[in-house]
Amino acid sequence: MRNIIRSEILKLKRYRILWAGIALMLLSVLLTLFTSLADDGSHWDFKYLIEQVIKNNMTMIFPMCITLITGYVISREQRDDTLKNTLTIPITLQKLMTGKLFVCGWISVFFGIVCFVFTLGAQLVVNFPGVSLELVLQALYQITFYNLFCYIALMPIIVLTSRSPSGFLVGVIIAFVYGYGGLFATGNMTIANLYPISAALGLIGYRSYDAAVSWNYVLCSTSLLTMMVITGVLLAFMKEKKFSNKVKKKKTKKIKKGW
């Protein structure tokens with residue numbers, strides 16, 4: 001498994017799509033700054049900026065972003081027709097997929113750190129009040145770990161929609177709707193604790209200071225553990241033939257005889 005993870009990390013050097021993920025993290029922060037211009041009576045400070053960045057990541061940006069990139073990383077083997085060569089090595093498809101998912105989990109953490117850096121940069125520009133070292137460390141923890149927990153919530157969708165070379169594009173649409181549904185789930189704390197996308201908010205203590213917000217950490221953990229179990233089951237029943245590309249035979253032109 002260590003060699004698989006190492007090889008997948010080396011492959012990341014030629015994946016330019018990672019720059020798209022960095023751009024989307026910047027877009028999340030820029031959208032947050034844009035909403036701060038609205039005269040809706042909200043009092044903007046550094047804590048509120050952090051919360052809005054996390055909310056925009058949940059509802060619009062990150063589910064779509066990580067599903068696109070993970071799906072691309074997984075399906076690249078099929079698009080380049082290298083999967084059949086890889087599977088000739090004594091390695092199972094399940095181990096190969098597990099290695100890819102593990103590496104993409106670290107990509108989620110990386111994007112969380114990138115988003116945190118962009119958030120600090122935005123704070124330096126707009127200079128909202130209420131900055132402290134404690135809040136800076138809280139921002140690093142919450143933004144980074146939310147991305148990781150959100151990725152765990154999305155893994156079943158990623159595995160299901162990455163079975164064909166272009167199927168992950170469908171997964172991107174499903175992930176966007178799935179993430180946006182978290183906005184409605186937070187309207188009821190029971191649903192919010194069970195819905196995986198919003199349960200990730202509970203594990204980072206999102207707005208836990210608010211009396212109206214009551215996270216049940218047991219339910220939130222159970223929700224994400226369920227997603228991991230579902231992912232494991234999907235990987236266990238995955239068959240290699242579903243990943244094989246259909247090679248089209250070239251039609252040879254018949255040479256006409258005579259004049």
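All residue numbers refer to positions in the sequence shown, counting from 1.
The distance from the CD1 atom of Ile230 to the CG atom of Leu235 is 12.0 Å, given to the nearest 0.5 Å. Between the CD1 atom in Ile66 and the CG atom in Leu24 there is a gap of 10.5 Å [rounded to 0.5 Å]. Taking CG of Leu33 as the start and CG of Leu49 as the end, the distance is 6.5 Å to the nearest 0.5 Å. The structure places NZ of Lys47 at 8.5 Å from OG of Ser132, a figure rounded to the nearest 0.5 Å. To the nearest 0.5 Å, the span separating CG on Asn57 from SG on Cys115 amounts to 4.5 Å. Distance check: Ile54 CD1 to Phe62 CZ gives 12.5 Å after rounding to the nearest 0.5 Å.
Within the 3.5 Å criterion, the main-chain N or O of Leu219 finds no donor-acceptor partner in the side chain of Ser223. Proximity of a side-chain donor or acceptor of Thr144 to a complementary backbone N or O of Tyr141 within less than 3.5 Å is not detected. Asn193 contributes a side-chain N or O that, together with a main-chain N or O of Asn216, makes up a donor-acceptor pair within less than 3.5 Å. For Gln52 (side chain) and Thr32 (main-chain N/O), no donor-acceptor pair under 3.5 Å exists by modelled atom type. Panel note: side chain Thr70, backbone Thr67; no donor-acceptor pair is recorded below 3.5 Å. Listed for the Trp215 side chain is a donor-acceptor partner under 3.5 Å among the backbone atoms of Tyr206.
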- Run the side-chain contact (heavy atoms from CB on, under 4.5 Å) check on Thr35 and Leu31 step by step: do they pass? CA-CA 6 Å; Thr35 56; Leu31 283 174; 5.7 Å; no

- Item | Step-by-step side-chain contact (heavy atoms from CB on, under 4.5 Å) determination, Ile17 to Val73 | CA-CA 9 Å; Ile17 197 171; Val73 169; 5.6 Å; no

- Could you walk me through whether Glu51 and Phe46 pass side-chain contact (heavy atoms from CB on, under 4.5 Å), step by step? CA-CA 9 Å; Glu51 293 172 355; Phe46 184 56; over 6 Å; no

- Take Tyr180 and Met58 through the test side-chain contact (heavy atoms from CB on, under 4.5 Å) and record every step on the way to the result. CA-CA 7 Å; Tyr180 200 77; Met58 176 188 75; over 6 Å; no

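The neighbour count for Phe34 CZ, taken as heavy atoms of other residues, nucleotides or ligands under 6.0 Å away, does not exceed 12. The environment of Phe128 atom CZ is dense: over 12 non-hydrogen atoms of other residues, nucleotides or ligands sit within 6.0 angstrom.
Considering all non-hydrogen atoms of both residues, Arg207 and Val213 come closest at O-CB, 3.4 Å. Considering all non-hydrogen atoms of both residues, Leu224 and Ala153 come closest at CD2-CB, 3.8 Å. In this structure, Met227 and Pro156 approach most closely via the heavy-atom pair O-CG, 3.6 Å. Nearest heavy atom pair, residue Tyr178 against residue Leu154, reads CD2-CD2, 3.4 Å. Scanning both residues, Cys220 and Gly202, for their nearest heavy atoms gives SG-CA, 4.0 Å. The two residues Ile204 and Gln142 have their closest heavy-atom pair at O-NE2, 3.0 Å.
At a threshold of 4.5 Å between non-hydrogen side-chain atoms, the residues Leu68 and Tyr72 do not count as touching. Side-chain contact between Leu30 and Leu26 is present, with at least one heavy-atom pair separated by less than 4.5 Å. You'll find the side chain of Met25 stays beyond 4.5 Å of the side chain of Val29, heavy atoms only.
By the criterion of side-chain heavy atoms lying less than 4.5 angstrom apart, applied directly or through intervening Ile, Leu, Val, Met, Phe, Trp or Tyr residues, Ile143 is not grouped with Tyr209; the two fall into different hydrophobic clusters. Hydrophobic clustering (side-chain heavy atoms under 4.5 Å, transitive across Ile, Leu, Val, Met, Phe, Trp, Tyr) keeps Met64 apart from Phe184. In this structure, Leu101 is a member of the same hydrophobic cluster as Met228, with clusters built from ILVMFWY side-chain heavy atoms closer than 4.5 Å. Residues Ile173 and Met155 do not share a hydrophobic cluster, clusters being chains of Ile/Leu/Val/Met/Phe/Trp/Tyr side chains in contact below 4.5 Å. Following chains of ILVMFWY side-chain contacts shorter than 4.5 Å, one cannot reach Val114 starting from Leu124, and the two form parts of different hydrophobic clusters.
Under the 3.5 Å distance criterion, with hydrogens and angles disregarded, no donor-acceptor pair is assigned to the side chains of Ser108 and Asn147. Between the side chains of Ser28 and Asn56, no donor-acceptor pair of N or O atoms lies under 3.5 Å.
Phe145 and Phe149 have tilted rings, their planes meeting at an angle from 30° to 60° on a 0 to 90° scale.
Proximity of the aromatic rings of Phe111 and Tyr151 is defined here by a centroid distance below 6.0 angstrom, and this criterion is not met.
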